[in-house]
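Contents: one structure, followed by commentary.
Chain A is the first sequence line, chain B the second, and so forth, proteins listed ahead of strands; every chain is numbered from 1. Note that the structure is a prediction, hence the values are computed from the model and not measured.
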Amino acid sequence: MPELPEVESLKRLLARSIIGRTIVSARINEPRLRRAVAADFAAAVSGRRIEKLRRRAKYLIIDLSGGVSLLGHLGMSGSLTYRDARFVPDKFDARHDHIQFQLDDGNALVYNDPRRFGLLKLLPTVELESSVELAALGPEPIGDSFDAAYLAKTARGRKAAIKNLLMDQRVVAGIGNIYAAEILFRAGVRPTRRAGRLKRIELERIVEATAPILRAAIDGRGTTFRTYRDSSGRPGDFVTRLQVYGRAGEPCYTCSTTIRSTTVGQRSSFYCPTCQR
DNA sequence: CTTACATCCTGATTGC
DNA sequence: TGCAATCAGGATGTAA
């Protein structure tokens with residue numbers, strides 16, 4: 001499930017290969033993603049040079065020559081791989097290679113997404129900020145205005161579970177189910193606690209736990225991230241460092257208490273009943 | 001404004 | 001064994 005660390009890892013890996021390349025042509029095999037890919041998409045990207053890669057929340061932004069940008073979101077199961085167009089790595093089903101960009105180095109940039117929850121759209125670079133996707137996003141969780149004062153102000157009076165608040169992209173942008181669980185474990189706060197009821201010190205611990213968790217995940221190339229040209233589908237290293245996510249029934253690494261799972265806001269949640277209060 | 005919940009989709013897993 | 005039901009989940013749209 002691509003969250004901020006996975007998208008950041010993807011951005012860094014792809015940047016090495018595709019910056020400076022020109023898109024010779026594009027082919028749309030399946031336009032029906034979360035929103036249908038525009039009919040003129042292929043023609044509109046062809047001939048443009050890839051200038052820069054950026055990330056905002058869980059969105060990947062590919063700036064192209066001529067003042068336009070590709071705004072991409074991997075949804076649940078999307079992947080963007082740089083590879084020989086004729087070669088489909090084991091982990092990818094060619095049926096889900098929905099969009100292919102042929103590059104001037106002979107390789108291709110391929111968007112594969114079995115569940116089609118993703119997004120790929122082209123828009124003028126100057127309109128990115130005001131786009132429906134990016135306009136309402138909250139601060140980045142690292143190196144932005146996400147601090148205890150901000151979280152306290154946002155949480156005030158809110159009945160929603162703190163985990164839902166952390167996953168709300170308007171509150172803080174880029175955190176999903178996995179990292180919300182890990183951040184709350186590190187902060188020692190149960191995911192079910194109502195946001196408005198948390199003490200200042202707890203909010204501070206949550207903010208302080210956020211950057212280290214995300215940074216460690218980025219360093220490990222994410223949790224479920226698959227390397228962009230490795231056909232083995234090797235998962236990101238952070239999967240081995242998860243403290244609670246997906247560990248229901250297993251002992252807590254800190255206190256040996258059995259990790260529990262529960263449902264918070266329609267999503268599976270994991271926590272240690274001893275370490276998190 | 002806030003919260004709750006259904007919806008999109010396919011593949012993996014679980015249940016009978 | 002085989003097939004059906006369930007689960008997974010990011011963003012969004014609708015309803016309360």
Look at [X] and [N] and indicate whether a side-chain polar atom (N or O) is within less than 4.0 Å of OP1 or OP2.
X	N	answer
A/His96	B/dC9	no
A/Lys58	C/dG10	no
A/His73	C/dG10	no
A/Gln266	B/dA4	no
A/Tyr179	C/dG9	no
A/Arg115	C/dA8	no

Comparing nearest nucleotides in DNA chain C, the 5'-proximal residue of the pair A/Met76, A/Tyr59 is A/Met76
Measure the distance from [atom1] on [X] to [atom2] on [N] and round it to the nearest whole Å.
X	N	atom1	atom2	result
A/Asp113	C/dA11	CG	P	13 Å
A/Leu120	C/dA11	CG	P	15 Å
A/Arg95	B/dT10	CZ	P	9 Å
A/Ile162	B/dT2	CD1	C1'	15 Å
A/Met167	C/dT12	CE	P	14 Å
A/Arg116	B/dG11	CZ	P	10 Å
A/Asn164	C/dG10	CG	P	12 Å
A/Leu71	C/dA11	CG	C1'	13 Å

Most 5' of A/Lys159 and A/Phe117 on DNA chain B, judged by nearest nucleotide: A/Lys159
Which is more 5' along DNA chain B, the nucleotide nearest A/Arg267 or the one nearest A/Arg158? Just name the residue. A/Arg158
What nucleotide among [options] has an atom nearest to a side-chain atom of [X]?
X	options	value
A/Pro114	C/dT12, C/dA8, B/dG11	B/dG11
A/Arg35	C/dG13, B/dT10, B/dT3	C/dG13
A/Tyr245	B/dT3, C/dA8, C/dA11	C/dA8
A/Asn177	C/dG9, C/dT12, C/dA11	C/dG9

Categorize [X] for me: base, sugar-phosphate, or nothing, with a 4.0 angstrom heavy-atom threshold over every strand shown.
X	result
A/Ser268	sugar-phosphate
A/Arg194	nothing
A/Arg34	base
A/Arg170	nothing

Presence of salt bridge, [Y] and [X], under 4.0 angstrom:
X	Y	value
A/Glu133	A/Lys121	yes
A/Arg34	A/Asp113	no
A/Arg12	A/Glu8	yes

Verify side-chain contact (heavy atoms from CB on, under 4.5 Å) between A/Leu166 and A/Val171, making sure each step is shown before the conclusion. CA-CA 7 Å; A/Leu166 290 179; A/Val171 173; over 6 Å; no
Mind checking whether A/Tyr59 and A/His73 have parallel, tilted or perpendicular rings, split at 30° and 60°? perpendicular
With A/Asn177 as reference, evaluate A/Lys163, A/Glu3, A/Arg267 under the side chain to side chain donor-acceptor pair (under 3.5 Å) test and give the passing residue. A/Lys163
